[in-house]
Amino acid sequence: MQISPYLMFNGNCEEAFNLYATTFGGEIKFKMTYSQAPADNQCGADMASKIMHISMCTGESALMGSDAPPDRFTAPSTGNFTSISAKTPEEAERIYAALSDGANIIMAIEETFWAQRFAMLVDRFGIPWMINCEKQM
């Protein structure tokens, strides 16, 4: 079994996933716009170029998402974060730098008692992230 986050966007899913693929060294494996769906499943013309489903793989992890039609979009929950486990402090710093551009910083990246580096932020697309590089015990 694999559990994968599914992120909902308000019209900027493709832009977000392009950033995530670059930041996480991932590869977009599947992308479908609303215009590619069967006619009985299509939304209005304003959604035609928006993402109906996208998936990106990085290592053994998958990240998926879509642009929600305006009548179905809800902002991300404030109680959920997608957590990233970096292997090195440098990797954590690089990821933080990429995601923090235009973000709401909840906790700037720093050393903690459990981590070489840890940060919390909501990126410019409204997605909450935690970045963690554990200390070697």
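Quick note: numbers below take in every heavy atom, side chains included, and nothing from hydrogens, waters or symmetry partners.
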For a quick test of reading the model, state the closest non-hydrogen atom pair linking A62 to P5 and the distance between them.
O-CD, 3.6 Å
Kindly indicate whether the side chain of S61, heavy atoms from C-beta on, has any atom under 4.5 Å from the side chain of F24.
no
Give me the atom names and distance for the closest heavy-atom approach of A108 to Y96.
CA-OH, 3.5 Å
Does M107 reach the side chain of M130, with side-chain heavy atoms less than 4.5 Å apart?
no
Rounded at 0.5 Å granularity, tell me how far CG in N132 sits from CE in M120.
11.0 Å
Is there a side-chain contact between I95 and R117 (heavy atoms, below 4.5 Å)?
no
CG on N12 to NZ on K50, rounded to 0.5 Å:
7.5 Å
Applying side-chain contact (heavy atoms from CB on, under 4.5 Å), run through M52 and M47 and close with a yes or a no.
CA-CA 9 Å; M52 182 176 209; M47 292 296 293; over 6 Å; no
Audit row: S55, M64, side-chain contact (heavy atoms from CB on, under 4.5 Å) steps and yes/no:
CA-CA 4 Å; S55 64; M64 297 178 281; 3.7 Å; yes
Above 12 or not: heavy atoms from other molecules or residues under 6.0 Å from CD of E60?
no
Taking the side chain as C-beta and beyond, is there a heavy-atom pair between K87 and C133 under 4.5 Å?
no
Of all heavy-atom pairs linking I105 and S100, the shortest is CD1-CB, 3.7 Å
With a 6.0 Å cut-off (strictly less than), is the heavy-atom count around NZ of K135, excluding the residue itself, greater than 12?
yes
Non-hydrogen atoms of G65 and C13 that approach each other most closely:
C-SG, 4.0 Å
Before you tell me yes or no, could you show the steps for H53 and Y6 under side-chain contact (heavy atoms from CB on, under 4.5 Å), namely the whole-Å CA-CA distance, both residues' side-chain angles and the distance that decides it to 0.1 Å?
CA-CA 10 Å; H53 178 74; Y6 198 99; 3.0 Å; yes
Could you please spell out the steps behind the side-chain contact (heavy atoms from CB on, under 4.5 Å) verdict for R124 and E15?
CA-CA 11 Å; R124 68 180 182 252; E15 179 185 358; 4.1 Å; yes
Would you say that more than 12 heavy atoms from the other residues, nucleotides or ligands in this model lie under 6.0 Å from the CD of E134, or not?
no
Shortest non-hydrogen separation from A98 to L19 and the atoms involved:
O-CD2, 4.2 Å
Nearest 0.5 Å please: distance from the CZ atom of F30 over to the SG atom of C57.
12.5 Å
Would you call the rings of F125 and F9 parallel, tilted or perpendicular, taking 30° and 60° as the class edges?
perpendicular
Rounded to the nearest 0.5 Å, how far does CD1 of I84 lie from CG of L99?
5.5 Å
Taking C-beta and beyond as the side chain, do Y20 and T82 meet within less than 4.5 Å on heavy atoms?
no
Between CZ on residue R94 and OG1 on residue T23, distance to nearest 0.5 Å:
6.5 Å
Locate the shortest heavy-atom distance separating P69 from Y34; write the atom from each residue and the value.
CD-OH, 3.4 Å
Which value, rounded to the nearest 0.5 Å, describes the distance between I51 atom CD1 and I28 atom CD1?
8.0 Å
